[in-house]
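Letters go in sequence order (proteins before strands), and every chain restarts at 1.
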Number of protein chains: 2
Amino acid sequence: MCDPLSPTTGRTGPVASDISRRRKAAAQEQGPLYMERRGRLMGAAADIFREQGLDGASLNDIAKRAGLDRATLYYYIESKEDLYRAVVEDVVHDNVNAVEKVRNGEGSGADKLSQAIHLLMDSYEKNYPHLFLFVAEDFGRRGQVRRQGRKPAAAAAVEDWRTQLVGLGDAYYSALKSVVAEGLADGSLSSQLSPGLVAHGVIGMVSWSHRWFKPEGRASAEEIADGFTAMVLDGIGVRRG
Amino acid sequence: MCDPLSPTTGRTGPVASDISRRRKAAAQEQGPLYMERRGRLMGAAADIFREQGLDGASLNDIAKRAGLDRATLYYYIESKEDLYRAVVEDVVHDNVNAVEKVRNGEGSGADKLSQAIHLLMDSYEKNYPHLFLFVAEDFGRRGQVRRQGRKPAAAAAVEDWRTQLVGLGDAYYSALKSVVAEGLADGSLSSQLSPGLVAHGVIGMVSWSHRWFKPEGRASAEEIADGFTAMVLDGIGVRRG
DNA sequence: GTCTATACTTTGATAGAC
DNA sequence: GTCTATCAAAGTATAGAC
């Protein structure tokens, strides 16, 4: 290691700026100051994305919330999409993994369905608002992300990234559908409905909570999950016969 | 001396352009050509809004789909928000009115709940994609609509309009909650859950269909409504005891 | 690490000729 | 009725000084 690259004049030469390299270096280093500020930035971004959505949020708003200048963000992140990704990716992955673990685990289909509902509501609460950011966006739509600026993030990369997120949503749906099908097969569930329709209904019921659920609200995530589970399994109509 | 290019002759004077006045005049006139082209524009706008969302859609895209120049749109509409409003407003109003009519009508609470579910799914199909455009947007978020251009639509007016749309969503929720409460009171529904939670769940189940429902798809809106109604009233768990 | 200044892009909207 | 030309605003991202 050596840093003899100062100009031979002895003067402090012009700094090689290239924030892209400095960003990568800092990311590798993972110094304590870097990590702390990066964490604060992620929190601010989560708030703003929650309030305004991916499109509606501007880096200006996020920078202001984080107490930084807009340009400073680029020391920590590569682009707006990169920032959004950093905020939601882990939590979404964890969630899909968790549901797939439930599907592959022990228990009846009905039990697993209940577990899945509780799991998701729990995650909404624990990881608020990160998971909601993902649920609120409809990545199935094309061209939603509008690219501006002198060097917009590479279109192909952005498209790849969107496709990945769509895939995660699909994986979640697929796992839940399997759970329902298993329940119908093992006799713990009984319905004329297709597993796919049930899965859509359950996911809708739970996902829609991003429009009204507040962590400090009257009902806890667990109570809501209990309620939805009872509704789906037992129904709310009076028993006939 | 005198500028020979100066049009000081008795020739036809400069036209008073003012497209705003001409737009209002044409709207009053309602000539057949105007109505036909306006209708085509609304159809194109509905398509693009469906694909890209309110924010993601650009007037350029909409104009292209309608086979017009971007500037020509302003002969028919006042602003982007005005266009979106024209596309969704009637259908959303009709829907809220229909649900309130169900609430005020005859029948048990359980019957009314079933009616409401069928009504909404039917409307999704019949008015596709207009009602979906509304459901897909989250007007509860602030500052989502980004205003650009030399003279952005008056911020106050846009805010008013957003508040109105939020109000329509609230009215829908409120009506459905009443229906559930009535069912619990008249004995046609039986549950420990709060009417509000049930209403949220049902609305979520149905509204989420904007992410997956296709009018040409395997299941019709009526079949889906039948399925969701059965799921909510009877449940899909095996009967105990 | 952070900021000022600025390049470049896209958009919504107008003016005014035809 | 429609179009060309253009505007002002807001955005993303970069360069480079400190």
Nearest-Å distance for atom pair [atom1]/[atom2], residues [X] and [N]:
X: B:Gln52; N: C:dT11; atom1: CD; atom2: C1'; answer: 14 Å
X: A:Tyr34; N: C:dG1; atom1: OH; atom2: P; answer: 10 Å
X: A:Met35; N: C:dG1; atom1: CE; atom2: P; answer: 12 Å
X: A:Lys64; N: D:dA10; atom1: NZ; atom2: C1'; answer: 12 Å
X: B:Glu29; N: D:dG1; atom1: CD; atom2: C1'; answer: 13 Å
X: B:Glu81; N: C:dT11; atom1: CD; atom2: P; answer: 15 Å
X: A:Arg23; N: C:dT2; atom1: CZ; atom2: P; answer: 14 Å
X: A:Asn60; N: C:dT4; atom1: CG; atom2: P; answer: 12 Å

Does [X] place a side-chain N or O at less than 4.0 Å from the phosphate oxygens OP1/OP2 of [N]?
X: B:Tyr75; N: D:dT2; value: no
X: A:Tyr76; N: C:dT2; value: yes
X: B:Thr72; N: D:dC3; value: yes

Mind checking if [X] touches a base, just sugar-phosphate, or nothing, with heavy atoms under 4.0 Å?
X: A:Ser20; result: nothing
X: B:Leu73; result: nothing
X: B:Ala26; result: nothing

Could you tell me whether B:Glu36 and B:Arg40 have a side-chain N and a carboxylate O separated by less than 4.0 Å? yes
Can you give me the N/O atom pairs linking the protein to nucleotides 5-8 of chain D at distances under 3.5 Å, or say none if there are none?
{"from": "D:dA8", "atom 1": "N3", "to": "B:Arg150", "atom 2": "N", "distance (Å)": "3.4"}

B:Ile19, nearest nucleotide to its side chain (from C:dA13, D:dT2, D:dT14): D:dT2
Between D:dG1, C:dG12, D:dA17, spot the one nearest the side chain of A:Arg22, thanks. D:dA17
Looking only at non-hydrogen atoms, find the nearest pair between [X] and [Y] and report the distance.
X: B:Arg211; Y: A:Ala136; value: NH2-O, 3.5 Å
X: A:Gly201; Y: B:Phe228; value: CA-CE2, 3.7 Å
X: A:Gln148; Y: B:Gln148; value: NE2-NE2, 3.1 Å

Aromatic plane relationship, B:Phe213 with B:Tyr128 - under 30° parallel, 30 to 60° tilted, over 60° perpendicular: perpendicular
Please verify the inter-ring angle class for A:Tyr34 with A:Tyr75; under 30° counts as parallel, over 60° as perpendicular, anything in between as tilted. perpendicular
Whether the side chain of A:Arg37 and the base of C:dT2 hold a donor-acceptor pair under 3.5 Å is what I'd like checked. no
Could you please spell out the steps behind the side chain to side chain donor-acceptor pair (under 3.5 Å) verdict for A:Thr72 and A:Asp69? CA-CA 5 Å; A:Thr72 307; A:Asp69 187 88; 4.8 Å; no
